[in-house]
Amino acid sequence: MPERRGTHLPTLIALALLGLALGAPAALAAPLTGIHLVSAEALGGGLQAPGNAIDGDPTTELSFEWGNGGVTLVLDLGGPRVLESVHVTNGHSAPLVWMQEFWVGPDAAHFRPVLGRPINLAMWRPGDSSDIPLGEVVARYVKVQFGGGGARGSLSEVALFGRENRPERHLMCWSGSIQRDFLDKLDYFEQDLRVTDLWLDYVETAFPQSGHNAGFAAWTESDALDQLSARGIRYWLAEHEAFTFLVNCPEDLRDDRRWETTFRQARTLYARAKELGFRGLVFDAEDYDGVSDEARERYAESADYVDAWCFADEFGPSGMYYLRGLQFGQILDQVWGAPLMQVYEARAYAGKNDCRAGNYWWLRGIHDAGIEIWIATEKTYGAGQGEVETDAPEHLRTWFVQMPEYLVKIHDAYPFAARVLPGFHPWNSRTRQPNYLPRYLGEQLDMAADCAAGCWIYNEGNAHGGDPRQVLDPEFLKAQGLTADDYLDVFRARSTAP
């Protein structure tokens, strides 16, 4: 019996797979509702009916004098949102040429630009529309500017597409026992901290480091990875020292033998990490072992403190930081294709002359090879006003930086970064003391939800998974009027990504 045209199942499957391979567009996210106009401004004046831009009716419009002067709208999204695209319906009476910029922020005062250049709008016919992808950016408020045209300008509708932001919650785990620190703490990770991702340190490392590695077999034979997956907890391969342990002088950047060894290690280990279901790679960029005496002397004038990122003659797209990053990124892309999370925002620690720009160029090379870069910040660790009577340094006991402003600066320092995740340090497993009050932890988590896709938690020395019920001194807590569950309740009360 002849096959009927259009119903051949293998053909349909093949076409579907071909569509996936060619990057067929995914279904559009839902249009956001509950958006409110905070402010509207037209440089040329004469602004009329600005609310029409978000009334859901493409037949209405706002209008203003002097199209080239532009119009700027600030919108309250009604809650933290992940924005994927914006659908713009141009005006009917005086269509505009460009969406000039799109900013996102946690409040109506702190914004960062997303586009960096104008986007041309369809304008030959009145009311034509344009869809503009945004990637995936997190915001509680947005600011958008339109312009270009004649004596007047008009705009019909701005529709945002996305979803509620349910942030990821990552945990850095230093561990000496898979059983004690992970398998025995699965309920704690899932139900108390509500973590979505664990960074597994001391497993396998492509770069040399001073730590003691467990090896993949210890993790697979203990069934730990499968048990994490069964709980919906993703895991990352973390290298504590990575680049900075390998490079102690500019000559190390040029040493092909040491880099070829590193590349061979990367090909083998990262291919295995992919097989085992690791989500991504975590590099700590802080320089723990320092540089050679000769390098310290050579770069003393150009850096406040010389570390592995300060060899200024290797900065730029023709320098060895970029070249080694590009080579490494190409290997990572070939064998794994996973995102790279960098802990420690090195450029923010440069006391003068952007002296740690080597870190920018290293990451830029990896990015240009096709790898998604995430930045995990450390200056965001602390919170509060020093109320907890602890021996912790000031930057852990107080608001060391203002998060809304600071994350904008980190996006500026690493403009290619797909995500910036603020890090929080609520208690210290090593000293057995909290660093700040639980309510400030709640403020940190809430602020992060307004401007980031997630956050990460660091508790320094994670015996028992850092569980505060086991690692904090109960007598110290009692003297402060606190309990371990006061901190865990903050985590329990806030949902995370599914």
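For reference, positions follow the sequence shown, starting with 1.
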Min side-chain heavy-atom separation [X]-[Y] under 4.5 Å:
{"X": "His170", "Y": "Met341", "value": "yes"}
{"X": "Tyr440", "Y": "Gln385", "value": "yes"}
{"X": "Thr60", "Y": "Ser156", "value": "no"}
{"X": "Cys173", "Y": "Trp199", "value": "no"}
{"X": "Glu61", "Y": "Leu155", "value": "no"}

Have [X] and [Y] got a donor and an acceptor in their side chains that come within less than 3.5 Å?
{"X": "Glu405", "Y": "His110", "value": "yes"}
{"X": "Gln342", "Y": "Asn359", "value": "yes"}
{"X": "Asp197", "Y": "Trp236", "value": "yes"}
{"X": "Glu460", "Y": "Tyr381", "value": "no"}
{"X": "Ser495", "Y": "Arg194", "value": "no"}

Query - Arg117/Glu101 ion pair, N-O < 4.0 Å - result: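 Here Arg117 does not pair with Glu101 in a salt bridge, since their nearest N and O are not under 4.0 Å apart.
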
Query raised in the report: Would Glu84 and Arg163 pass as an ion pair if we require N to O under 4.0 Å?
Result: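 Salt bridge flag = yes for Arg163 with Glu84.
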
Report summary line: The residue among Leu32, Thr33, Ile54 that forms side-chain contact (heavy atoms from CB on, under 4.5 Å) with Leu160 is Leu32

[X]-[Y] aromatic ring centre distance below 6.0 Å:
{"X": "Tyr344", "Y": "Tyr349", "answer": "yes"}
{"X": "Trp336", "Y": "Tyr270", "answer": "yes"}
{"X": "Tyr436", "Y": "His425", "answer": "no"}
{"X": "Phe315", "Y": "Tyr322", "answer": "no"}
{"X": "Phe328", "Y": "Trp362", "answer": "yes"}
{"X": "Phe102", "Y": "Phe111", "answer": "no"}

Query raised in the report: If you look at every heavy atom in Asp76 and Gly78, which pair is closest and at what distance?
Result: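 Minimum heavy-atom separation between Asp76 and Gly78: OD1-N, 2.8 Å.
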
Query - Intermediate values then yes/no, side-chain contact (heavy atoms from CB on, under 4.5 Å), Tyr141 and Val104 - result: CA-CA 6 Å; Tyr141 289 79; Val104 295; over 6 Å; no

Mutual orientation of the aromatic rings belonging to [X] and [Y] [parallel < 30°, tilted 30-60°, perpendicular > 60°]:
{"X": "Trp456", "Y": "Tyr458", "value": "tilted"}
{"X": "Trp259", "Y": "Phe243", "value": "tilted"}
{"X": "Phe491", "Y": "Trp427", "value": "perpendicular"}

Is the [atom1] atom of [X] crowded by more than 12 outside heavy atoms at less than 6.0 Å?
{"X": "Glu41", "atom1": "CD", "answer": "no"}
{"X": "Lys379", "atom1": "NZ", "answer": "yes"}
{"X": "Trp399", "atom1": "CH2", "answer": "yes"}

Query raised in the report: Is there a side-chain contact (heavy atoms from CB on, under 4.5 Å) between Leu62 and Leu73 once you walk through the steps?
Result: CA-CA 11 Å; Leu62 66 78; Leu73 308 175; 4.2 Å; yes

Query raised in the report: Under 3.5 Å, side chain of Asp287 to main-chain N/O of Ala308, donor-acceptor pair present?
Result: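 Yes: the side chain of Asp287 pairs with the backbone of Ala308.
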
Report task. Apply side-chain contact (heavy atoms from CB on, under 4.5 Å) to Phe400 and Glu394, showing your working. Result -> CA-CA 8 Å; Phe400 188 60; Glu394 184 178 0; 6.0 Å; no

Requested in this report: Report the distance from atom CD1 of Ile35 to atom CG of Leu75, rounding to the nearest 0.5 Å.
Outcome: 6.5 Å

Requested in this report: In sequence, state the C-alpha distance, the side-chain angles, and the governing distance for Met320 and Phe311, and then conclude on side-chain contact (heavy atoms from CB on, under 4.5 Å).
Outcome: CA-CA 10 Å; Met320 292 304 294; Phe311 309 143; over 6 Å; no

